[in-house]
Structure formats: structure tokens, C-alpha cells
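Each ligand, and each atom within it, is numbered from 1 in the order the structure gives.
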Amino acid sequence: MSRLRALIFDVDGTLADTERDAHRVAFNRAFSEFALPFEWDVPTYGKYLKITGGKERLRGYLQDHPQYPQLSDSEIREIHRRKTALYGEIIAEGIAPLRPGVKRLLDSAAAAGLRLAIATTTTPDNVAALLQSNLGEGGWNRFDYIGAGDIVPQKKPAADIYQHVLQRLGLAAADCLALEDSENGLRSALGAELAVLITQTEYTQGQDFSGALRVLDQLGEPGQPGKVLQGRDASESVVVDLDTLEHWLAAG
Ligand code: XBP
Ligand code: MG
């Protein structure tokens with residue numbers, strides 16, 4: 001019997017690969033506009049991705065680099081506001097397509113009557129920009145609830161955002177599946193007692209995904225399957241659909 005009533009998607013890294021070429025670039029453009037004497041190269045950004053939330057990431061970076069101007073909270077908020085605007089411009093160029101299988105799974109879940117939600121650390125405007133760019137005007141409304149950014153006191157890996165989304169959906173964790181790309185996201189969703197499917201990225205490969213339902217390189221498309229990377233079913237090729245998810249949830 002089907003147990004799945006909702007899919008809850010992370011955004012950055014899960015819906016689309018946004019970090020290296022969109023968030024990172026937007027941060028660097030904002031740093032340059034504010035005449036800050038540093039920029040984040042690809043490895044540096046990867047290191048600081050472990051701090052979730054852009055404002056928190058910048059604060060963490062400055063704490064590790066006392067030689068740079070130490071910004072006040074309001075200065076960080078101002079720089080981050082500009083970064084958000086720049087991110088929206090970059091995304092509007094269409095550089096961050098949905099990852100393979102995401103649109104297919106969204107469509108089939110909606111057609112099957114499942115509810116769709118988002119649980120993300122990123123700013124709501126960023127979610128809107130990404131959905132608009134990939135799904136058009138109606139993109140935001142395809143989701144029953146979108147929980148994003150500062151709506152909860154503690155960002156991932158705290159469980160707050162997933163607990164908040166579950167509460168808004170009015171569903172039990174056992175009826176839902178979270179889709180994530182990172183260890184921080186996995187810990188957050190597991191903390192809310194959700195089953196979690198990981199599709200890893202260039203930045204998150206090698207992280208500790210213990211406790212995940214499955215870890216894949218991607219959801220896959222017909223003719224271009226994803227690969228199970230570790231644990232049960234490792235090295236199997238699969239195009240993840242609702243039947244696959246039900247099967248994995250039942251099998252554990
Ligand atoms: C990823 C994040 C975000 C983005 C930057 O969130 O940690 O902070 O890197 O976005 P998720 P902001 O994977 O949960 O979507 O600058 O708006 O915080
Ligand atoms: Mg993510």
C-alpha cells in the first residue's frame with residue numbers, strides 16, 4: 001500500500017546546481033561592489049558551504065580571516081541583500097537548469113496527487129527566481145508550501161525547517177520523503193524523522209550520508225539513468241520514479 005503523500009525538496013544542489021556558478025558568483029560580485037578585499041574561489045566556497053545560509057557563511061569566513069574588515073550584522077545584511085539581487089539576475093540568464101529527473105518527478109508526483117513542498121536554507125527570493133526561470137510564472141504555485149531562509153530560527157543541519165514544513169503540510173514524517181544533496185540537509189531532514197534520498201553534487205560528494213535511504217548521482221531520465229552510489233543496491237542504474245521511491249521506502 002502506498003505510504004507516500006508528499007515530496008519535500010531542498011533547493012540548492014537538489015533542484016538545480018546553483019552554488020558554484022550562481023550563488024558563489026553573486027557573492028563575489030557583491031563583495032566587489034562593496035570594495036571588500038577578497039573573493040571566493042571554487043574550493044574556498046566549497047569549504048564555506050558547510051556553513052548554511054549566506055549571511056552566516058560570510059560571518060564565518062570573516063571570523064576565520066581577522067585580517068579583513070569585520071562587518072557588523074547590518075553591513076552583512078546589506079551586502080547579502082545585494083547578493084540576492086545579483087543572484088536573481090544570474091538565474092534569470094537561465095544558467096541553472098533543473099537537475100535530471102527533477103521536473104519529471106515533480107510532474108508525476110503532482111499527477112498522482114502527492115503534495116509538493118520545499119525546505120531550504122536559501123532566501124525566498126532565490127527560490128522564486130529559480131522556479132520562475134525553470135518552471136515559468138506558475139512555478140511557485142506548484143508547491144503546496146515553501147519554507148525558506150530565515151523563517152525558522154536555526155538553519156540546517158538543525159531540523160527546524162523540515163519540522164516547520166511538515167507542520168504546515170499537516171503531515172507526519174512517515175508519510176513524506178525529503179530530497180537533499182548535502183550532509184547538512186540530510187541531518188536536518190533526519191532530525192525531523194524523514195526518510196531522505198540524496199542526489200549528491202560536485203560539492204557534496206564524499207560527505208557522510210549515513211542514514212540516507214539511498215545516495216545517487218542524479219534522479220536520472222529515461223535513457224540516462226542515475227546510479228546508486230553506496231549502501232543497498234549500490235551500482236544499480238535507475239530512473240527514479242514514484243514506484244522506485246515506494247519500493248525503497250518499503251524495503252528500507
Ligand atoms: C543552501 C544554502 C544557501 C545558499 C545561499 O541552501 O546554504 O545559504 O548557499 O543562499 P539549500 P542565501 O541547499 O538548503 O537550498 O545566500 O540566500 O542564504
Ligand atoms: Mg542543498
Side-chain angles (χ1 to χ4, degrees), residues 7-31 34 40 42 44-62 71 73 76-91 96 98-99 102 117-131 134 143 145-165 178-192 194 196-205 207 209 212 215-216 218-219:
L7 300 180
I8 309 176
F9 286 84
D10 167 54
V11 173
D12 296 302
T14 302
L15 289 184
D17 214 340
T18 49
E19 294 289 8
R20 190 190 65 187
D21 298 332
H23 283 296
R24 185 184 67 88
V25 173
F27 276 113
N28 283 335
R29 286 186 188 163
F31 297 160
F34 283 82
W40 288 343
V42 170
T44 303
Y45 192 67
K47 180 173 169 208
Y48 282 91
L49 263 182
K50 291 184 183 77
I51 304 175
T52 57
K55 296 186 288 292
E56 294 83 350
R57 187 168 301 140
L58 178 51
R59 168 68 65 219
Y61 179 80
L62 291 173
L71 303 166
D73 286 349
I76 286 183
R77 274 198 301 276
E78 194 189 344
I79 293 161
H80 188 257
R81 258 197 303 278
R82 183 64 188 137
K83 176 259 166 179
T84 300
L86 291 163
Y87 176 85
E89 289 172 18
I90 292 167
I91 290 296
L98 297 179
R99 292 189 67 189
V102 168
I118 280 177
T120 175
T121 298
T122 204
T123 304
D125 282 359
N126 298 343
V127 185
L130 189 72
L131 295 179
N134 283 292
F143 293 87
Y145 184 68
I146 294 179
D150 297 321
I151 186 113
V152 287
Q154 289 201 79
K155 292 184 175 161
K156 300 172 187 177
D160 299 29
I161 191 67
Y162 278 102
Q163 287 165 342
H164 171 78
V165 169
L179 294 99
E180 273 286 353
D181 71 303
S182 71
E183 182 178 350
N184 277 327
L186 171 68
R187 298 288 152 235
S188 173
L190 287 177
L194 283 151
V196 189
L197 182 73
I198 296 287
T199 47
Q200 69 178 29
T201 68
E202 177 192 327
Y203 268 138
T204 67
Q205 61 186 347
Q207 293 185 350
F209 293 130
V215 179
L216 291 102
Q218 55 163 321
L219 296 173

Tell me, which N, O or S atom in D181 is closest to the Mg ion (ligand 2)? OD1
Is T84 in contact with ligand 1, taking contact as a heavy-atom separation below 4.0 Å? no
Name the closest protein heavy atom to atom 12 (P) of ligand 1, giving the residue it belongs to and the distance to 0.1 Å. H80 NE2, 3.4 Å
Considering only protein heavy atoms, which is closest to atom 7 (O) of ligand 1, and at what distance to one decimal place? R57 NH2, 2.9 Å
At the 4.0 Å heavy-atom cut-off, does Y45 count as touching ligand 1? yes
Among the N/O/S atoms of D10, the Mg ion (ligand 2) lies closest to OD2
One residue to check: K155. Relative to ligand 1, which of side chain, backbone, both or neither has a non-hydrogen atom less than 4.0 Å away? neither
Give the residue and atom name of whichever protein heavy atom lies nearest to atom 13 (O) of ligand 1, and the separation in Å to one decimal. D10 OD1, 2.8 Å
Determine which pairs satisfy salt bridge (charged side-chain N to carboxylate O under 4.0 Å, His left out) with at least one residue from residues 18-31, sequence neighbours left out, and list them in order. R20-E202
Which atom of D12 is nearest the Mg ion (ligand 2), counting N, O or S only? It is O
Using a heavy-atom cut-off of under 4.0 Å, does the side chain or the backbone of K55 touch ligand 1, or both, or neither? neither
Any nitrogen or oxygen of G54, main chain or side chain, under 3.5 Å from a nitrogen or oxygen of ligand 1? yes
Contact region, T120 to ligand 1, non-hydrogen atoms below 4.0 Å, reads both
